[in-house]
Each structure stands twice: as structure tokens, then as C-alpha cells.
Amino acid sequence: MTTVDIKPPPNFIRNIISEDLKANKNDGRVVTRFPPEPNGYLHIGHAKSICLNFGLAAENNGICNLRFDDTNPTKEEVEYVESIKEDVRWLGFDWGDRLFYASDYFEQLYDYAVQLIKLGKAYVCSLSADEIREYRGTLTEPGKDSPYRTRSVEENLDLFERMRAGEFEDGAHVLRAKIDMASANLNMRDPTIYRIRHEFHHRTGDKWCIYPMYDYTHCLSDAIEGITHSICTLEFEDHRPLYDWVLDTLKTPCHPQQIEFARLNLTYTIMSKRKLLELVEGGHVSGWDDPRMPTLVGMRRRGYTPESIRNLCERVGVAKRDSVVDIALLEYCVREDLNRRAPRVMAVLRPLRVVIDNYPEGQTEELEFPNHPEDPDMGSRKVPFSRVLYIERDDFREDPPKKFFRLAPGREVRLRYAYYITCVGMEKDEKTGEVVELHCTYDPQTRGGWAPDGRKVKATLHWVSAADSLEAEVRLYDHLFAKLNPGEEKDGADFKTHLNPNSLETLKSCRVEPSLADAAPGGRYQFERLGYFCVDSVDSTKEALVFNRTVSLRDTWAKIEKAQKQKA
RNA sequence: UGGGGUGUCGUCAAGUGGUAAGACACAGGUUUUUGGAGCCUGCAUUCGGAGGUUCGAAUCCUCCCACCCCAGCCA
């Protein structure tokens, strides 16, 4: 983990913790936890929580536990447990030996429930689920007591024990906390704390057929682990009285403080696990690791660095107001990171053949390219130059618009780190009129890209040698959704109708420089003038290279061109 | 017309009675063998609204308005 050498910016949770530390609350300890339910893959929203919890612990010499909230066997799977561990590790956090499962506490939780019954604070309720709902009342009307609310402690104890023993069908009974059916807070209207589920649990197997509910489990798990600050999202604010009630009623030796913050939302992105699952199952994406997904596996495959994600999480801040962060900030964060660390490389996505008429046929020369123009420590490499090259189609216009500085008939430009070339002719497809090949001359005096006479050129193009370059597939990604806030359901439309039909463009006949032959899976590069790309870790092979575009470079020309088109 | 929250620049976000940080975005300039990166400049006389307290209010008080969450045997 990176050490924090400058004082991090304040946020309300940091403030609470430093106040607590000042007051010597919890003997100056800070213990947090990241408590995912293993029912799906982690996404960038979870990253915010992970960074917050692990970060807060780290900056205060504290501890952060990784705890799986696995109390609902119908939804949870080991596959998810494994992926979550991997993602947290990848993000750069280490829980050491602090790996826990709520299911580790089932026995203790059961004992606590027995205590609650003995205290007269819990009872077995035999109403059906529907009846419980009816009895609960509404937002504006109080609920009414269950007829089972007055069962004796002995009967409750007996029934609860038999629930555990498996004597009853699913749904026959539940254990409820006895609080207040008239509470304005619905969570306090005798919430269910145990239900019967004859289900196999991924860790406890068939040992249990009753499972504790979240509200009951979470606070006690926190208390058992000695958590000091239990940080969760806003929607749990209403649950805090229940969190406190359970711990107060049971007089647990430790009473963590629940603090709620606003979850991360990003423009053009959906963060709901349910909806992400729907995209996966409906085949709208290739899987949880589709590079367009906001999942950590997806982003990793796309080429995002953990550093950039952590940086985003620090930059967005922590507060209590619902907000939607501009995805441009995320893109800024990756570019900032990759600009520093990604070696530069030449790749042509949409090749246009260029013949250098005055360059000797059959000749090839090796040019020396720096791997990073601002970082000599990254070394250099040799790149072959020859008579037939490819340049980017976009870099040539037969009829160049205003402010287009690149190649055009009669125009001279620089080939990066190579020579000045001048376009002297072109060949077109007879049928379509499409330019299929350019004829240029080069100035042998400009080797390396400098003209001895000092003449200037307005553009520098990237290129590859036709014969020496490698073919590659390149996948260009755009936002998965075309709508700024696809999660918003005000328009009543299914969120999938907002899917961006152009979120993936696959280019099959790209050409990349020969040094990429040895590119390792996951390797990240800047394709000069285009963007940051990584070797796809799933589909790329030595024989058939596949690259994913992580993010494009900022493109001033595209902006100008767009403005010009809007004017016209 | 119940309860719990939240309202500061286009988007995030500091600010906790002493006269509106910062970031992204945007716009201009500078520089440049990536129209990249860098660098510089600009960008809230005003803090949801209206009153009030005060020498002084985004910060305190009153009323109002808007938005979010809650009626799982999900988490």
C-alpha cells in the first residue's frame, strides 16, 4: 500500500474519526471492515467503500477486516467469494489474517437470539409472510401486534430450538425482535431476525436450516470483531436505530458506531448488482469481465490500473448527498496514471497504404525510438522503416478542411521519429472512388524527424512499416449506456433500452509495430496519438494479438471538427 | 397528509459566525517530433427560497420549497 505523506483532504468521516481519536474513544483504536455479500462481482462503487474502509484504517494505524456477509444461502456462491478476494487484492489492499465470514458467527448469533428470547425481547411468530406484511401497517399508519407476540419465553425457546432442529417447513415460523409495532420507523416494527431456509450454505453446508437476517447479523458481527466505525451506505440510515437496539439490548461489550455515506454513481453507468447481473445473463455483455462493465474484473481487463481507481475514489470525496460523478473524472485518472507509466508504441488502426516513391525498393532501416518521450529511464527500441508503410486513414484528406494539419495532396508532414514526407499522388478504387494508396516522397535529410534547414511541418503522424508490422485486432470501447443517467427510472423505460449500440467497435485489420510480438497479456501501452491500450488477457494470443482500448487520448482535433460540423 | 436524510459553480467537493479552497469539465493562451503531456489564465459578489438575529451569516433562528431512502421471511 502506498504511504500517505501528505495530509489527505478532510471529509466528514475522517473528521469523526479524528474527533474520536482526540477524545480517546475506543482507546484510540480504529477498526473498520468491508462487508460484501458474495452474491455478485465487485464494481467501482464497491471500490469506493473498499478504499474508504481500508484507507481510514491505514491512515490511523488501524485494521480493516474483510468480512463476507453470507447470511442468505439462496443467493451466495463461492465463485463470488473468490472473485471478491481477488478484486480487493488487485485494488491494492491487504486484510492480512483478518478474513471473516458472518457464517463463522452462526453459533454465537444463535446464542444471542436465545438470550433475546429470555429477555422477552424476541418471539417466534407464526404469521405467514403476507400476514406479517399486513400487520406491519403502512408508512402513515401504525402496525398491529402479532397474535404470537405474547408467547411465553418457554414456548419461544422450545419453538426456536425446534426451528433450528429442522422440524418446520420454510416459512412456517420466524423469530422476531419485540420492539414497537407503532414505531414511525418501519424497521422497528418487530423486524424478523431469523427465518427458516432448508438450503445448502456454501460454507456451513447443511448444518443450519435457520439463517439470521442482515440487521441482526451485521451489528453483532461488527461487535464480535471489535469494529469501531461501521461504515455503510445511506439507505441504512433508517436501520441504525435497530443496529443500536440489538447491541444495547444484548449489552454487547463493544458497540460500534454506524456511519452512512453516499454511494458512488457515475454518468453513463449502472451500478446496481441486480441490473449488472441482468446484462450478463441476457447476453448484452460478454460476462462480468466484459471490458465495458463497471466491475473491477471488467475494468481490469479493460486496462484500468488499481492506482487510477484508488485515485478516483480519493478525488470524489465522501459525503452524504446523493451525487453522480462525471465519468470524465475517471478517464482523467487513468490517463494521468498511464501517461506516466505506459510505454509508447506505434499502431495503425485503420491502415492506409503509403508508398515512398524515392525510397529504395527492398531496403529496410532500423530507427531508434524512445519508449517514453519524457522518461529516458524507460529506454528505447528499434523500429523498422521501409518503402511501403501504413498510416492512419484519418490522417489523410484529399480535400482538407480548415485547420486540418495532417497529410493532403502536396502537403509535407513528419512521420514520427522518421522522415518528412510529401504527398505526391494517390490511387483510388475505380468503383468507389475511395483513396486506397498514397504516393509520397521522403527527404533523406530529415532522418529522425528533424529538417536541417529548420523548416517546420504542422503535423506528426504515427506509422508502421507494412512488411514488418503485425496484424492485430483492436477493440474500441465507448460508454455502455448512451444516457447520462441510465439508472434513473423516471421515463419508465427499461434501463436496457439505454444501452449504447456503439459501445464496442471491433477493428480486425490493424497493424502494430513488431516489438509488440512479445507483449504480455494485460500489458499496457500508449498507441501514439490514439490512446491507451492493453493486451486482452482472455482472447489475445501470440499468433492473434488482441488489444483493448482503455481510454483514448484527449483529441483536440476531434473537438474542432465536431464544432465545424455543427456550424455547417 | 409517517419517519429518516440531503440541498455550496455544468459535475464532485472544502467550509463549523470573520467576509466562498480544490478537482474534473469548459474557454483562451504558451509550449511541443503525440492536435498527447506540461505550463499559465479565466470560470459562484454568492451558498435551495423568504424572513430574522448579529458590527458581520453558506455557517445561528423561523417558515417554506425541492430531491433521495424506508412498508423483503434481501443485503
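Numbered from 1 within each chain, the chains take letters A, B, ... in sequence-line order. Keep in mind it's a predicted model, so treat the numbers as computed, not measured.
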Answer yes or no: does a side-chain N or O of [X] lie under 4.0 Å from OP1 or OP2 of [N]?
X	N	value
A:R321	B:G7	yes
A:K320	B:G4	no
A:N185	B:A71	no
A:R136	B:C73	yes
A:T71	B:A75	yes
A:R554	B:G35	no
A:R197	B:C74	yes
A:R195	B:A75	yes

How is A:V174 classified with respect to the nucleic acid when contacts are heavy atoms under 4.0 Å: base, sugar-phosphate, or nothing? base
Please classify the nucleic acid contact of A:S323 as base, sugar-phosphate, or nothing, using heavy-atom distances under 4.0 Å. sugar-phosphate
Using 4.0 Å as the upper bound for N to carboxylate O, is an ion pair formed by A:R455 and A:E412? yes
Taking the six-membered ring for Trp, are A:F404 and A:W557 ring centroids under 6.0 Å apart? yes
Whether A:Y214 stacks on the six-membered ring of B:A75 base, 5.5 Å and 30° limits: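 Stack criterion not met.
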Ring of A:Y101, cation from A:R203 - is the NZ or CZ under 6.0 Å from the centre and inside 45° of the axis? yes
Taking the [atom1] atom of each, how far is [N] from [M], in whole Å?
N	M	atom1	value
B:G15	B:C55	C1'	22 Å
B:U46	B:A14	P	23 Å
B:U6	B:G10	P	23 Å
B:C65	B:A58	P	24 Å

